[in-house]
J.: 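Below you'll find the structure I mean.
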Amino acid sequence: GRDFTLALKTDGTVWAWGNNNLGQLGVPQSETMQTVGGVIDYGSTLPVQVTFSELDTSIDPETGVQREYITSIAAGENHSAALTNLGRVFLWGENTYGQLGNGEESPNKEESYWDDEGNYITNYYRDPSYVNEPVRILAGLTDEEGRAISFVMVAAGDEFTLALDNFGHVWSWGRNYRGGLGQATG
């Protein structure tokens, strides 16, 4: 990601370090807050473990293996994604443009003013929003024939996320800047 790193260990645990100003590390900012030279910084130079509260970590009595674990991760600009062996997707971090896929995004705002040269300037922006712990998204989906959809791959980009489902369809959400979602509008 931008100014942060994710790592997936062979035991299926996810670790993160670096900037956490928008929840990119998957832990509350209070857990990584430090004062450096009198300035408050949200980040960690040491790896912190990302906790998945909705993960089924019970052990299957027949196989002796944990029922659900993380199989892949992806780091976007300021958000993170994880995929489980059961095809479930978890996301956390910045959600200004809906890149977490939880149906929320920051509202558009407008600021206008006259500059020093007499030009009228209008800036459009959004206040950043974020989720600082993994949330499961796209739960309970079925295709047009009623078959359950699970995911086999996830990717995180600059303010958008992509996922490939078990039927070969690509799902996209977040900011559609310059067609990044594969949609005609942007």
Side-chain angles (χ1 to χ4, degrees), residues 1-28 31-32 43-60 63-105 130-143 147-177 180-183:
R2 187 178 83 190
D3 300 329
F4 75 100
T5 302
L6 296 176
L8 175 62
K9 290 180 64 175
T10 57
D11 64 2
T13 59
V14 177
W15 296 79
W17 60 96
N19 192 5
N20 194 38
N21 68 320
L22 294 170
Q24 304 92 306
L25 303 187
V27 298
E31 292 183 23
T32 61
S44 178
T45 57
L46 299 174
V48 294
Q49 186 173 357
V50 180
T51 303
F52 297 84
S53 61
E54 293 185 54
L55 208 63
D56 180 3
T57 58
S58 63
I59 303 299
D60 184 325
T63 64
V65 176
Q66 184 173 309
R67 292 183 195 274
E68 187 175 29
Y69 49 89
I70 305 299
T71 57
S72 66
I73 55 175
E77 180 183 26
N78 287 311
H79 72 290
S80 304
L83 179 69
T84 75
N85 62 309
L86 300 180
R88 300 193 321 162
V89 176
F90 291 85
L91 291 136
W92 63 96
E94 184 185 8
N95 195 38
T96 304
Y97 295 96
Q99 58 265 53
L100 298 187
N102 63 355
E104 298 177 12
E105 63 182 71
Y130 62 92
V131 175
N132 61 17
E133 62 183 356
V135 293
R136 181 178 173 209
I137 55 102
L138 303 173
L141 296 175
T142 58
D143 71 0
R147 299 176 297 183
I149 292 174
S150 62
F151 293 90
V152 297
M153 188 179 298
V154 66
D158 181 8
E159 301 170 334
F160 68 92
T161 306
L162 304 170
L164 177 66
D165 73 22
N166 53 324
F167 298 110
H169 302 112
V170 175
W171 296 66
S172 61
W173 58 93
R175 188 175 186 195
N176 193 31
Y177 183 68
L181 299 183
Q183 300 171 358

J.: So, the side chain of T161 versus the backbone of W173: is there a donor-acceptor pair under 3.5 Å, distance only?
T.: no
J.: Got a second to check how far K9's NZ is from I73's CD1, nearest 0.5 Å?
T.: 12.5 Å
J.: To the nearest 0.5 Å, tell me how far R67 CZ sits from L55 CG.
T.: 12.5 Å
J.: Mind listing the closest non-hydrogen atom pair of A156 and A74 along with its distance?
T.: N-CB, 3.7 Å
J.: Whether the side chain of R88 engages the backbone of E54 through a donor-acceptor N/O pair (distance < 3.5 Å, no angle test) should be reported.
T.: yes
J.: Supply the atom-to-atom distance W15 CH2 to L8 CG, rounded to the nearest 0.5 angstrom.
T.: 12.0 Å
J.: Indicate yes or no: at least one non-hydrogen side-chain atom of R175 is less than 4.5 angstrom from one of Q99.
T.: no
J.: Please find the pair of heavy atoms, one from A16 and one from L6, that lie closest to each other, and give the distance.
T.: CB-CD2, 3.7 Å
J.: What closest approach, in Å, do G12 and I70 show between heavy atoms, and which atom pair accounts for it?
T.: O-CB, 3.5 Å
J.: Measure across G1 and A75 and return the closest heavy-atom pair with its distance rounded to 0.1 Å.
T.: N-CB, 3.3 Å
J.: Using atom types as modelled and distance alone, determine if a side-chain donor or acceptor of N85 lies under 3.5 Å from a backbone N or O of Y69.
T.: yes
J.: Without swapping roles, check the side chain of N166 against the backbone of S150 for a donor-acceptor pair under 3.5 Å.
T.: yes
J.: Looking only at non-hydrogen atoms, find the nearest pair between Q66 and E68 and report the distance.
T.: NE2-O, 2.5 Å
J.: Which value, rounded to the nearest 0.5 Å, describes the distance between M153 atom CE and L162 atom CG?
T.: 11.0 Å
J.: Compare all side-chain heavy atoms of W171 with those of I149 and state whether any distance is below 4.5 angstrom.
T.: yes
J.: Rounded at 0.5 Å granularity, tell me how far OG1 in T45 sits from CH2 in W17.
T.: 11.0 Å
J.: Please answer whether the main-chain N or O of N20 pairs with a side-chain N or O of D3 as donor and acceptor at a distance below 3.5 Å.
T.: no
J.: For Q24, is there any backbone N or O sitting under 3.5 Å from a side-chain donor or acceptor partner on W92?
T.: yes
J.: Is the closest side-chain donor-acceptor distance between T13 and Q49 under 3.5 Å?
T.: no
J.: May I ask you to test the F52-T57 pair for a side-chain heavy-atom distance under 4.5 Å?
T.: no
J.: Taking the side chain as C-beta and beyond, is there a heavy-atom pair between R147 and F167 under 4.5 Å?
T.: yes
J.: Going from CG on N95 to CG on N78, what distance comes out if it is rounded to the nearest 0.5 angstrom?
T.: 12.0 Å
J.: If we only count heavy atoms from C-beta on, is the T51 to E133 side-chain gap below 4.5 Å?
T.: no
J.: Which pair of heavy atoms, one from H79 and one from F4, lies closest together, and at what distance?
T.: O-CZ, 3.6 Å
J.: Any donor and acceptor pair, going by atom type alone, linking the side chain of D60 with main-chain N or O of G64 inside 3.5 Å?
T.: no
